[in-house]
Number of protein chains: 2
Amino acid sequence: MNALHHCISQYHPISIAAWEALSKALTRVELPKNAFLVREGMVCNKLYFLEQGCLRGYYNNLDGKEVTYWFGFENNFITSFYSFISRKPGIENIQTLEDSTLWGISFDALNQLFDQHHDLERLVRIINEQYYIRLEERLMAMQFKTARERYEQLLETSPHILQRIPLGQIASYLGISQETLSRIRSQV
Amino acid sequence: MNALHHCISQYHPISIAAWEALSKALTRVELPKNAFLVREGMVCNKLYFLEQGCLRGYYNNLDGKEVTYWFGFENNFITSFYSFISRKPGIENIQTLEDSTLWGISFDALNQLFDQHHDLERLVRIINEQYYIRLEERLMAMQFKTARERYEQLLETSPHILQRIPLGQIASYLGISQETLSRIRSQV
DNA sequence: TTCCTTTTTTGACAATTGTCAAAAGAAAGC
DNA sequence: GCTTTCTTTTGACAATTGTCAAAAAAGGAA
């Protein structure tokens with residue numbers, strides 16, 4: 001749980017009371033490789049913090065293909081955001097790509113904590129904002145950069161992805177076919 | 001200011017005290033068509049609510065082209081999000097596309113209100129979350145849909161954009177060239 | 001109205017990326 | 001070690017989209 005506390009403190013420090021209440025509400029989750037944390041069609045009731053391992057978010061496209069649009073690594077917050085926020089079934093699956101250790105908190109427990117600890121709600125607001133900025137950057141890249149540029153950007157900003165994730169999933173994440181990504185890599 | 005109050009209440013009701021404090025902190029801004037609300041290289045110090053009119057967010061790409069990635073209409077919240085949150089200069093310009101009326105609040109004033117009114121911070125957290133979901137949907141479309149599909153989706157979800165915005169800017173927003181969009185339109 | 005400016009469309013061609021199929025390479029199990 | 005399975009690369013070709021240039025259409029101002 002130290003990793004979570006350290007991660008939190010980089011966003012916004014919270015009171016000891018808030019941290020203690022939060023700690024009590026957390027459940028430890030250990031999953032082997034290729035297990036599912038969230039399945040499509042279900043309401044996602046938990047927000048997770050990933051202490052160790054890695055995961056991907058994907059959905060099954062109409063044509064039957066898996067579409068990976070998201071990876072999670074150590075110290076990332078993980079949930080099926082749309083489902084968790086809207087309380088409706090989501091279309092996304094979240095799957096471990098390695099043996100993983102997470103800490104989870106339920107939607108209800110989190111909202112109760114918000115009522116009791118204003119600083120905890122502030123923390124979450126600030127984290128949300130930072131994740132929004134990241135998403136915005138990704139959208140910009142997707143909208144205005146070529147496949148090659150997106151790959152080179154990934155090499156710079158997240159080289160660890162290349163070492164931990166199969167190429168086909170990275171290609172999907174970049175919005176290109178696996179063959180195109182393979183050709184881009186051979187021409188650098 | 002009624003429009004703002006109504007808009008807020010659809011996200012999360014706030015106390016009368018919070019609303020009164022917020023009202024006092026707001027400044028009315030009226031801008032003619034083609035005026036700038038935010039300029040690149042500046043720190044954006046205000047969050048706006050658009051009561052009447054429409055705006056676009058864009059930046060100047062390396063090759064000299066304007067890249068439009070965002071439109072705002074009535075009842076939208078408007079800011080240079082990265083700059084407003086991180087307190088650093090942004091690369092984006094925000095420009096009116098029609099005569100517009102907005103209400104603005106400064107970063108400092110908003111954060112002071114957060115300290116005094118927990119429910120106001122909750123409101124902003126919830127609004128942020130809804131905007132995050134919208135952004136996520138846009139990223140999905142950009143990543144996994146063809147130009148034609150993205151245009152048809154825009155026709156369904158935001159037909160008003162077509163009637164108020166020049167084609168070149170819509171094309172940029174969809175991540176395609178104006179010529180391609182023109183051809184897509186002629187083939188429907 | 002007429003002129004001038006901006007916006008949209010069209011044509012020709014080039015560049016990028018996708019698809020299908022097969023081969024090569026790497027990893028995991030026995 | 002040897003299979004078996006999964007992952008990555010390569011080839012050939014098709015489809016999509018971009019670029020440049022010019023024409024057509026639409027909108028504003030005098």
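Labels below follow one simple rule: chain letters A, B, ... track the order of the sequence lines, proteins then strands, and each chain is numbered from 1.
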Interface with DNA chain D, restricted to residues 164-177 of chain B and to heavy atoms under 4.0 Å: B:Gly175, B:Ile176, B:Ser177
Taking any atom closer than 4.0 angstrom to a non-hydrogen atom of chain B, what span of DNA chain D does the protein reach, first nucleotide to last? D:dT17 to D:dA21
Residues forming a side-chain contact (heavy atoms from CB on, under 4.5 Å) with A:Trp103, sequence neighbours excluded: A:Met1, A:Leu26, A:Arg28, A:Phe49, A:Glu51
Apply ring-ring contact (aromatic ring centres under 6.0 Å, His included) to B:Tyr11 and list each qualifying residue two or more places apart in sequence or on a separate chain. none
Side-chain contact test, heavy atoms from C-beta onward, threshold under 4.5 Å: evaluate it for B:Asn76 versus B:Phe71 and give yes or no. no
Between P of C:dT7 and CZ of B:Arg185, the distance in whole Å: 14 Å
Going by heavy atoms in the side chains, are A:Asn60 and A:Glu40 under 4.5 Å from each other? yes
Who passes ring-ring contact (aromatic ring centres under 6.0 Å, His included) against B:His117, sequence neighbours left out? none
Enter the inter-axis angle for the ends of the helix from C:dT1-D:dA30 to C:dC30-D:dG1 (five pairs per end, rounded to 10°). 50°
Partners passing side-chain hydrogen bond (donor to acceptor under 3.5 Å, both in side chains) against B:Glu74 (at least two apart in sequence or in another chain): B:Gln52, B:Arg164
Those residues that, when tested against B:Phe144, pass ring-ring contact (aromatic ring centres under 6.0 Å, His included) (two or more places apart): none
Take A:Gln178 and B:Ala147, find for each the nucleotide of DNA chain D with the closest heavy atom, and name the residue whose nucleotide sits nearer the 5' end. A:Gln178
Using the test side-chain contact (heavy atoms from CB on, under 4.5 Å), find all partners of A:Ser177 that sit at least two apart in sequence or belong to another chain. A:Glu179, A:Thr180
Do B:Thr27 and B:Tyr48 come within less than 4.5 Å of each other through their side chains, counting heavy atoms only? no
Please tabulate the protein-to-nucleotide N/O contacts below 3.5 Å involving nucleotides 23-25 of chain C, giving atom names and distances.
none

Across all chains, not counting sequence neighbours, the ring-ring contact (aromatic ring centres under 6.0 Å, His included) partners of B:Phe73 are B:His160
To the closest 0.5 Å, what do you measure between CD1 (B:Ile161) and OH (B:Tyr173)? 5.0 Å
Between C1' of C:dT7 and CD of B:Gln163, the distance in whole Å: 17 Å
Quiz question: by atom type and distance under 3.5 Å, do the side chains of B:Glu66 and B:Tyr59 form a donor-acceptor pair? no
Sequence neighbours excluded, the answer for side-chain contact (heavy atoms from CB on, under 4.5 Å) partners of B:Lys88 is B:Tyr82, B:Ser86
